[in-house]
Protein chains: 2
Amino acid sequence: MPRVGLDPAAVVAAGAALADEVGLANLTMGLLAERVGVRTPSLYKHVSSQEDLNRRIAALALSEAADAVGGAIQGYAGRDALAAAARAFHTFVLEHPGRYAATIGVEPSSPDDPLATASRRLLGAFTAVLRGYEIGESDMDHALRMLRSLWHGFATLQVANGFQWSTDIDESFEWLIAFADRGLRTV
Amino acid sequence: MPRVGLDPAAVVAAGAALADEVGLANLTMGLLAERVGVRTPSLYKHVSSQEDLNRRIAALALSEAADAVGGAIQGYAGRDALAAAARAFHTFVLEHPGRYAATIGVEPSSPDDPLATASRRLLGAFTAVLRGYEIGESDMDHALRMLRSLWHGFATLQVANGFQWSTDIDESFEWLIAFADRGLRTV
DNA sequence: CAGGCTTGGCTAATTATATTAGCTTTTAGC
DNA sequence: GCTAAAAGCTAATATAATTAGCCAAGCCTG
């Protein structure tokens, strides 16, 4: 029987894609094995456990999100950068809900954990956005936490279908960008 | 053997308490059964499945949160009401992380689902807060979504230990209240 | 107060899933 | 070609949810 030729990266990539399709909660080792064309136990040659798989998917997701946000703000500053970052992040979560969900609740084990690195990169992109505003040193951390809370909260609520009523959601998102911009301007 | 004398409400209450203690992900039917003093299958006399249990815990959590927020804003308006609501919500999530987690991803099946009722009550409390600001009709839904995103995002990130660095988290929370207040004042 | 019905609890069995053990075969490097 | 690590497989184990079917407790009625 010919080998499939998997490696950890391929397994994680397939796991992330599958999580986006069926939802993280429905991502089982059996389903993933079927997807990549091996029997379930064979996956354990590449990831050590489902938790390990989840962590690696989370690291991939944060790294991709950092690339998306970092790329989107290139050449922009101030409100333009804020809007570009917010939209890039939002789009990423809507298009990759499963892998983004994997990032919730995972904690880096050490500062050189790929998870920590990716997380820092994403944070760094939003820090860059904040440099376009007149924000005092002591307010930076608070402002960064505000942005994270706002975009994370909005995206996770939207993905979970938490916004029930009929008002257009994209319109609300643009409203939030304007709100955050105005607020950051007067910190 | 004497009967334990359970009923659905008691099972759900115990489930919510256990979720807060061990985390929603670790809440198993077996663990809950042990906690309330019966064998696992007996739980099915009171809840129809684990998903049903989760929905009921979510409805309980939203109802309690609505009570907490609704009670906290009594007699306040404007910034005081905003701060009271935000703090009450935040405290609730920090003290009841498991049951609050149960609310994420559940959707009411019908408008008279207890889940929908509780959800509307919580939303209503925040709507009352917004009435203390000069907000146009067309901005209300957006502002409400902004508040939800902000407080939901902050609380879930904090509970998941998502705020790594050393800056005091409570200080950031108060900063967010001030930020939201200023912003709502200039909508 | 006895008889019987409803209810809540139990044991046993089924299914799904993660994980481990141990075997076999491919394949890269010499 | 030879060998050893890597990658796959089958079989087995453990945990969890769920269902089936049994039985006793306790209430309601006569």
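Just so you know, these numbers come straight off a predicted model, no measurement behind them.
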Closest listed nucleotide, where the reference is the side chain of A:Val38 and the choices are D:dA20, D:dC9, C:dA18: D:dC9

Rounded interatomic separation in angstrom, taking OH from B:Tyr44 and C1' from C:dT11: 15 Å

Sugar-phosphate only, base, or nothing, as touched by A:Ser49 at under 4.0 Å among non-hydrogen atoms: sugar-phosphate

Steps toward ring pair (Phe, Tyr, Trp, His ring centres under 6.0 Å) verdict (A:Trp151, A:Phe173): CA-CA 9 Å; A:Trp151 308 138; A:Phe173 187 68; 5.4 Å; yes

Atom-pair distance (CG on A:Leu6; P on D:dA7), nearest Å: 9 Å

Aromatic ring pairing B:Tyr100/B:Phe89, orientation class (parallel under 30°, perpendicular over 60°, tilted between): perpendicular

Side chain of B:Arg3 - closest among D:dT18, D:dA7, C:dT7: C:dT7

Gap between atoms CG and C1', on B:Asn54 and D:dA17 respectively (whole Å): 14 Å

Interatomic distance, A:Met29 CE vs D:dA16 P [rounded to whole Å]: 18 Å

Charged tip of B:Arg148 within 45° of B:Phe126 ring normal and under 6.0 Å: no

From D:dA16, D:dT18, C:dT19, nucleotide with atom closest to B:Thr28 side chain: D:dA16

Sugar-phosphate only, base, or nothing, as touched by A:Ser42 at under 4.0 Å among non-hydrogen atoms: base

Distance under 6.0 Å and angle within 45° of ring axis: A:Arg145 vs B:Trp165: yes

Separation of atom CG in A:Asp52 from atom P in C:dT20, rounded to whole Å: 12 Å

A:Tyr133-A:Asp181 side chain donor-acceptor pair, cut-off 3.5 Å: yes

Rounded distance (Å) that lies between atom P of D:dT18 and atom CZ of B:Arg39: 19 Å

D:dG8 phosphate, OP1 or OP2, under 4.0 Å from A:His46 side-chain N/O: yes

Separation of atom NZ in B:Lys45 from atom C1' in D:dG26, rounded to whole Å: 15 Å

A:Glu51 CD - C:dA18 P separation (whole Å): 13 Å

